Q: 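Got a structure for you, written out below as C-alpha cells; questions coming shortly.
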2 protein chains.
Amino acid sequence: MIKSLDRAMEVLQYVSAHQGLTLSDLAAGLGQAPATVYRTLVTLEGRGLVEFDRDLQTWSMGAQAFVIGAQFLRRTSIVERAKPILRRLMEATGETANLGMVRERSVLFVSQAETHAPIRAFFPPGTLSPLHASGIGKALLAHMPQERFDAFLSVPLPGFTASTLTTRAALLTDCDLTRERGYAVDEEEKTEGMFCVAAPVFDASGDAAAGISVSGPVARFGRDRIANIAVHVVGAAQSLSAAIGAPSSYRA
Amino acid sequence: MIKSLDRAMEVLQYVSAHQGLTLSDLAAGLGQAPATVYRTLVTLEGRGLVEFDRDLQTWSMGAQAFVIGAQFLRRTSIVERAKPILRRLMEATGETANLGMVRERSVLFVSQAETHAPIRAFFPPGTLSPLHASGIGKALLAHMPQERFDAFLSVPLPGFTASTLTTRAALLTDCDLTRERGYAVDEEEKTEGMFCVAAPVFDASGDAAAGISVSGPVARFGRDRIANIAVHVVGAAQSLSAAIGAPSSYRA
DNA sequence: AATTCGAGTTTCACATTGTGAAAAATATAA
DNA sequence: TTATATTTTTCACAATGTGAAACTCGAATT
C-alpha cells in the first residue's frame with residue numbers, strides 16, 4: 001500500500017463529501033498539514049479531478065472526476081439495459097423507479113427514472129444506502145449466501161428511524177417474508193415518510209447483485225396500491241435479470 | 001506537485017479509459033514497472049476507486065469512483081434544473097436532448113433525455129467532445145470572449161470527418177452564423193451520420209458556460225424540421241439560463 | 001503426474017521525494 | 001497604512017516510492 005497515495009485519496013474523498021471548503025477548512029477537517037493538503041490539491045487539479053474557485057478560495061470536485069467515475073457504469077450493460085425498463089416501471093406506477101447495485105455493506109444507486117409528480121423520492125446516482133435500511137438492500141440480503149449474510153450481521157447495524165430493522169431476528173423475519181412474496185419493502189426505515197417496494201435482479205452467475213425499486217411518499221402507498229406496484233416491480237426486475245443473462249430458474 | 005500522486009492518477013485515468021485490462025497490460029500501456037502499478041492499484045482498490053476481478057485477473061473502475069465523480073454534478077443546481085427542461089425538449093422534438101458544460105477545450109456531456117426512437121444519438125454522461133466539433137461547443141465558441149477564443153484557435157484543430165471545421169476562417173464564419181440565428185448546428189462534424197442543433201446556456205455571470213442540444217441521425221433533419229427544432233432548443237436554453245440566474249439581457 | 005511458463009505479488013537496497021514547520025506572499029479587513 | 005489570516009513556497013530531513021529480482025501461484029503443456 002502506498003502511504004502518500006492513500007493519504008491523497010483521503011483528501012479527494014473528503015473534498016467530494018464536503019464541497020466548497022477552503023484549504024484551511026480541508027486541512028483542519030482532515031487533520032493534515034495545510035502545506036501537504038495544498039500540494040495534493042494542486043496535483044489533483046492538474047489532472048482535472050478537483051477544481052479551485054479563485055474568487056471564493058474553495059475547492060470542489062472537477063470534471064475529470066465525473067469523467068472517470070462515469071466509466072464505472074460502462075463496465076457492464078446493466079445500466080443501459082435497465083433504462084427502458086425503469087422508464088416503463090415509472091410510467092406504470094407513477095412513482096420514481098431506481099436501480100441499485102450492492103457494494104460492500106451498501107446499495108449504490110446508479111440510475112433512476114423520476115416520476116413527474118411534484119412530491120417525489122430522489123436518490124441521486126452516486127448515493128449509497130446501507131443494505132439493511134433500503135428496499136433494494138433488503139431484497140439482496142434475502143438472497144445473500146448464508147456466509148456473507150452472517151458476516152453482514154456480525155457488525156452492529158445502525159438505526160436511522162424508529163422503524164429501522166437493527167436486530168438479527170427482525171432481519172431474518174423480514175428476509176423470510178421477502179422471499180415468500182418476491183419483494184421487499186422499506187417502510188420509513190431509512191428516511192421518515194419514504195416508502196419503497198424492491199425486487200432483486202440476478203446476474204449471469206445467478207447472484208443477486210442489483211435491485212430495482214419504486215419509491216415515494218408513504219402516504220401514497222395504500223395496501224391495494226402496494227400489491228399492484230409490487231407486481232410491476234417484480235416484473236421489471238425479472239425483465240432486467242433476463243436482459244443481463246440470468247439463468248431462467250432465477251427469474252421466477 | 002507530488003510526483004508519485006501524479007503518476008498514480010495517470011494509472012487511475014488509464015484504467016478508466018481502458019477497462020478490463022490485466023496488470024501486465026496496464027503496466028505495458030503505462031510504461032511503468034508492474035510492481036509499481038500493482039501497489040498503486042491495490043491502494044486505489046482499498047479506497048474502492050478500482051475493482052479487481054479475481055477470475056479474469058482484470059482491473060476496472062470501482063464504485064467509489066462513481067460516488068465521488070457524481071458529486072461533481074452536485075456542485076451546482078444546473079443538472080437538476082435542466083432535467084425537466086431536457087425531458088420537455090425531448091418530447092417536443094422527438095429526439096435526444098443533451099446538456100453539456102465547457103471544460104478546457106471540450107464539452108462534457110452531463111445529462112441527457114433520450115428519445116424512445118430505436119435509432120438515436122447517445123452521448124453518455126461523462127463523454128468529452130472537442131469544442132470545435134460539437135454543436136454545444138460551437139454555440140459556446142460563438143459567445144466566448146475574444147481572448148479565450150484566440151487562445152483556443154492557437155492550437156491546431158483536429159479533424160474527425162470530412163465536415164469538421166478546422167480553420168480559423170471556417171470557425172469565424174460559423175460563429176457569425178450561430179450568433180445571427182441564435183443556435184449552432186453540428187452536421188456530421190464529429191460523427192458521420194449525426195446531426196445536432198445547440199444553443200448556449202448563460203450562467204449568473206452572463207458567461208456561456210453550458211449548452212443544450214438536440215441530436216439524431218442526419219436523415220431525420222430536413223430544413224423545415226431543423227427550423228422547428230431550433231425554436232425549441234433556443235427556448236429550452238433560455239429557460240435553463242433563467243432557472244440558473246442568468247441576467248435577462250443574456251436570455252434574448 | 002510432473003514440469004514449464006507467464007503473470008501476479010513480495011522483498012530489498014537505495015535514490016528520490018513527501019512532509020510539516022517556518023517563512024514568504026497575498027488578499028482582505030480594520 | 002497596518003494588522004491579520006490564509007495561501008503558497010522553501011528547506012532540512014525522515015520517510016518512502018521505485019524497479020529489479022526473487023518468490024508464489026495457477027494454468028498449460030508434455
Side-chain angles (χ1 to χ4, degrees), chain A residues 1-62 64-65 68 71 75 104 204-205, chain B residues 1-65 68 75 104 204-205:
Chain A
M1 203 266 275
I2 300 174
K3 184 174 178 182
S4 64
L5 173 57
D6 194 57
R7 289 183 65 182
M9 293 304 93
E10 184 178 0
V11 172
L12 183 59
Q13 286 179 314
Y14 193 87
V15 170
S16 81
H18 305 80
Q19 298 203 82
L21 294 185
T22 64
L23 171 70
S24 303
D25 288 338
L26 288 169
L30 284 153
Q32 294 191 29
T36 306
V37 176
Y38 181 78
R39 284 190 300 264
T40 298
L41 290 171
V42 162
T43 306
L44 294 171
E45 183 190 25
R47 290 269 167 188
L49 294 164
V50 296
E51 289 173 9
F52 181 55
D53 185 307
R54 188 166 302 189
D55 296 327
L56 298 176
Q57 299 268 282
T58 57
W59 295 86
S60 300
M61 294 310 292
Q64 274 295 315
I68 70 170
Q71 294 304 321
R75 289 171 48 175
E104 310 293 307
S205 310
Chain B
M1 206 262 274
I2 300 176
K3 183 174 178 181
S4 63
L5 173 56
D6 195 59
R7 288 184 66 181
M9 292 305 93
E10 184 178 359
V11 172
L12 184 59
Q13 285 178 316
Y14 192 87
V15 170
S16 81
H18 305 81
Q19 300 204 81
L21 294 185
T22 62
L23 171 70
S24 303
D25 289 337
L26 288 168
L30 284 152
Q32 294 191 29
T36 307
V37 175
Y38 180 78
R39 283 190 299 263
T40 298
L41 290 171
V42 162
T43 307
L44 294 172
E45 183 189 26
R47 290 270 167 189
L49 294 165
V50 296
E51 289 173 8
F52 181 56
D53 186 306
R54 188 166 303 188
D55 295 327
L56 297 175
Q57 299 266 283
T58 57
W59 295 87
S60 299
M61 294 312 291
Q64 274 295 314
I68 68 170
R75 290 170 49 175
E104 311 291 307
S205 310

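Letters go in sequence order (proteins before strands), and every chain restarts at 1. This one's a predicted model, so the numbers in the text were calculated from it and none came from an experiment.
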Q: Tell me the interatomic distance from L26(B), atom CG, to dA7(C), atom P, rounded to whole angstroms.
A: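 Taking atom P of dA7(C) as the reference, CG of L26(B) is at 13 Å.
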
Q: What does R7(A) touch in the nucleic acid at a heavy-atom separation under 4.0 angstrom: a base, only the sugar-phosphate, or nothing?
A: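 Sugar-phosphate contact only - R7(A) comes under 4.0 Å of backbone atoms but never of a base.
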
Q: Between dG18(C) atom P and L5(A) atom CG, what is the distance in whole Å?
A: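 Atom CG in L5(A) sits about 11 Å away from atom P in dG18(C).
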
Q: Over how many whole Å does the gap from Q32(B) atom CD to dT16(C) atom P extend?
A: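 Spelled out: CD on Q32(B) to P on dT16(C) is 17 Å.
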
Q: Measure from CG on L21(B) to P on dA7(C) and round the result to the nearest Å.
A: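 One finds 14 Å between P of dA7(C) and CG of L21(B), rounded.
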
Q: Could you check how far CG of D55(B) sits from C1' of dG8(C), rounded to whole Å?
A: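 Between C1' of dG8(C) and CG of D55(B): 15 Å.
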
Q: Calculate the interatomic distance between D6(A) atom CG and dT16(D) atom P; express it in whole Å.
A: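 Value for this atom pair: 12 Å.
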
Q: Are any of Y38(A)'s side-chain N or O atoms less than 4.0 Å away from OP1 or OP2 of dT8(D)?
A: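 Yes, because at least one side-chain N or O of Y38(A) sits under 4.0 Å from OP1 or OP2 of dT8(D).
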
Q: Round to the nearest Å and state the distance from L41(B) atom CG to dT10(C) atom P.
A: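 Atom CG in L41(B) sits about 13 Å away from atom P in dT10(C).
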
Q: Measure across R47(A) and D6(B) and return the closest heavy-atom pair with its distance rounded to 0.1 Å.
A: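 Minimum heavy-atom contact is NE-OD1, 3.0 Å.
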
Q: Of A35(A) and S4(A), whose closest DNA chain D nucleotide lies nearer the 5' terminus?
A: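 With S4(A) and A35(A) compared, the 5'-side residue is A35(A).
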
Q: Categorize I2(B) for me: base, sugar-phosphate, or nothing, with a 4.0 angstrom heavy-atom threshold over every strand shown.
A: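 Here I2(B) touches the backbone only, sparing every base.
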
Q: Pick the nucleotide of DNA chain D nearest each of L23(A) and T40(B); which residue has the one closer to the 5' end?
A: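 Whichever sits nearer the 5' end wins; that is L23(A).
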
Q: Give the intermediate values and the outcome of side-chain contact (heavy atoms from CB on, under 4.5 Å) for residues R75(A) and Q19(B).
A: CA-CA 7 Å; R75(A) 289 171 48 175; Q19(B) 300 204 81; 3.2 Å; yes

Q: Closest nucleotide of DNA chain C for R39(B) versus for D25(B): which of these residues is on the 5' side?
A: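 Nearest-nucleotide comparison on DNA chain C picks D25(B).
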
Q: Regarding Q57(A), tell me which of base, sugar-phosphate or nothing describes its non-hydrogen contacts under 4.0 Å with the strands shown.
A: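 Sugar-phosphate contact only - Q57(A) comes under 4.0 Å of backbone atoms but never of a base.
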
Q: Calculate, to the nearest 0.5 Å, the distance between atoms CG and OG1 belonging to L12(A) and T40(A) respectively.
A: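 Answer rounded to 0.5 Å: 10.0 Å.
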
Q: One pair to check against side-chain contact (heavy atoms from CB on, under 4.5 Å): L49(A) and M9(B). What are the steps and the verdict?
A: CA-CA 9 Å; L49(A) 294 164; M9(B) 292 305 93; 3.5 Å; yes

Q: In whole angstrom, give the distance that lies between atom CE of M1(B) and atom P of dT19(C).
A: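 Interatomic distance, CE of M1(B) to P of dT19(C): 14 Å.
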
Q: Take L41(A) and V15(A) through the side-chain contact (heavy atoms from CB on, under 4.5 Å) test and state the conclusion after the steps.
A: CA-CA 9 Å; L41(A) 290 171; V15(A) 170; 4.0 Å; yes

Q: Base, sugar-phosphate alone, or nothing: which one does T36(A) contact when heavy atoms must sit under 4.0 Å apart?
A: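 Base, at least one base atom sits under 4.0 Å.
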
